[in-house]
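For reference, the structure is listed below as structure tokens.
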Amino acid sequence: MSQHPFVPLPPLPYFDDETRIAQANAFYQQLKKRRTVREFSDAPVPREVIEQCLLAAGTAPSGANQQPWFFAVITSADLKKRIREAAEAEERLFYGSRASEEWLQALAPLGTDEHKPFLEVAPYLIVVFSQKWHLDHDGKKHKHYYVPESVGIACGMLLAALHDAGLATLTHTPSPMGFLNEILDRPSSERAEMIIVAGLPAAGVTVPDISKKSLDEIARFY
Ligand code: IYR
């Protein structure tokens, strides 16, 4: 494969140091307002909002620029119902027997359980699939590199974009998620990594009073 032609880097915005610090802080202030929400309103959100957020997620860096992700966006009431039923079946097993006592204890403060009504209420379910390989025009299989890292970055960027658009989000991970390949007719080269639920929060929704680690706890300058 020949190398791509190289073009000049599109200019980054110029900021003096003070403005740069203010910009970084403004972004932090904005992102820290994101909270995982488990009760959604059924109020509609224009499809174009989601499309722009998906385009933002699709700018994520990825191994060899292979962009090993696929976003299945579900708005159909029938599909949401099927996904809810299948997810709740897995979750009943998870909460009833699969999860270790230690895992259940770690989750207890968040108050989650096997009931997932948000899967039917929220206007959008975005199932993020990772792609282990792709087939080229001749049907030859090409392995993808750094798939979990690439898809994780894209999910983070998608959550940030949805939040910036004023939407509430929830990352939901029923396990295992094989049922999503079946319901959404996705190939075996793909694996569902998470369901990102997006919409407006239900009126009066509450969230657990939790905090994030301090800078000292999460970072050290060497
Ligand atoms: N997938 C389950 C359990 C769950 C696990 C973790 I770790 C969480 O942070 C939250 C939930 C569920 O969605 O209830």
Side-chain angles (χ1 to χ4, degrees), residues 31-42 45 50 53 57 69-130 147-163 167-184 186 190-202 204-214 217-218:
L31 267 196
K32 77 188 261 203
K33 288 193 203 126
R34 191 203 59 78
R35 292 299 312 265
T36 287
V37 158
R38 291 192 163 79
E39 286 166 73
F40 284 80
S41 148
D42 63 0
V45 170
I50 305 301
C53 293
W69 42 66
F70 182 82
F71 303 96
V73 185
I74 294 96
T75 58
S76 142
D78 173 56
L79 286 178
K80 285 183 196 167
K81 184 164 184 280
R82 286 175 61 194
I83 290 171
R84 177 184 179 181
E85 281 167 4
E88 287 186 335
E90 297 295 354
E91 295 291 354
R92 275 193 293 277
L93 291 172
F94 173 83
Y95 286 96
S97 57
R98 275 194 202 134
S100 63
E101 207 38 55
E102 190 181 2
W103 193 343
L104 291 178
Q105 266 176 28
L107 275 178
L110 298 177
T112 58
D113 62 24
E114 66 273 34
H115 303 290
K116 307 296 178 190
F118 53 76
L119 290 173
E120 282 193 87
V121 176
Y124 292 98
L125 307 181
I126 305 173
V127 181
V128 185
F129 287 90
S130 62
V147 172
E149 294 85 347
S150 305
V151 177
I153 296 169
C155 286
M157 290 173 65
L158 178 56
L159 288 170
L162 293 164
H163 172 67
L167 296 183
T169 51
L170 164 64
T171 51
H172 176 48
T173 51
S175 172
M177 284 194 269
F179 65 86
L180 290 165
N181 288 68
E182 202 181 309
I183 295 176
L184 301 170
R186 299 306 304 169
E190 294 185 359
R191 193 181 108 106
E193 300 293 347
M194 67 179 75
I195 305 176
I196 296 183
V197 184
L200 295 172
V205 69
T206 59
V207 292
D209 186 12
I210 53 177
S211 60
K212 295 297 180 188
K213 292 178 179 173
S214 69
E217 288 171 296
I218 64 169

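If you read the sequence from its start, that first residue is 1, and numbering goes on from there. First listed ligand is number 1; within each ligand, the first listed atom is number 1.
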Problem set entry | Salt-bridge contact K81-E120 (side-chain N to carboxylate O under 4.0 Å) | no

Exercise. Do any N or O atoms from the side chain of E88 and from the backbone of K116 form a donor-acceptor pair under 3.5 angstrom?
Worked result: yes

Exercise. For atom 2 (C) of ligand 1, which of E114, E91, M194 has the closest heavy atom?
Worked result: E91

Seminar exercise, completed: Sorted by chain and number, sequence neighbours left out, side chain to side chain contact (heavy atoms under 4.5 Å, CB included) with L107 holds for F94, Y95, W103, L110, T112

Exercise. Relative to the heavy atoms of K116, which atoms of ligand 1 are at a distance of less than 4.0 Å?
Worked result: 12 (C), 13 (O), 14 (O)

Exercise. What atoms of ligand 1 come closer than 4.0 angstrom to any heavy atom of Y95?
Worked result: 2 (C), 3 (C), 12 (C), 14 (O)

For this session: Using modelled atom types only, decide if a donor and an acceptor are shared between the side chain of E217 and the backbone of S214 within a distance under 3.5 Å.
Result: yes

Problem set entry | Ligand-side contact atoms (ligand 1) for residue partner F94, heavy atom cut-off under 4.0 Å | 3 (C)

For this session: Please could you name the atoms of ligand 1 that H172 approaches to less than 4.0 Å, counting only its heavy atoms?
Result: 13 (O)

Problem set entry | Ligand-residue contact atoms, ligand 1 with W103, heavy atoms, under 4.0 Å | 5 (C), 7 (I)

For this session: Could you note down all residue pairs passing salt bridge (charged side-chain N to carboxylate O under 4.0 Å, His left out) where residues 167-178 supplies at least one of them, sequence neighbours left out?
Result: none

Exercise. Would V151 and F129 count as a side-chain contact (heavy atoms from CB on, under 4.5 Å) if you check the C-alpha gap in whole Å, the side-chain angles of each, and the deciding distance to 0.1 Å?
Worked result: CA-CA 8 Å; V151 177; F129 287 90; over 6 Å; no

Exercise. Which option, L107, T171, I195, owns the non-hydrogen atom nearest atom 5 (C) of ligand 1?
Worked result: L107

Problem set entry | ligand 1 atoms in contact with T173 (distance to a heavy atom under 4.0 Å) | 1 (N)

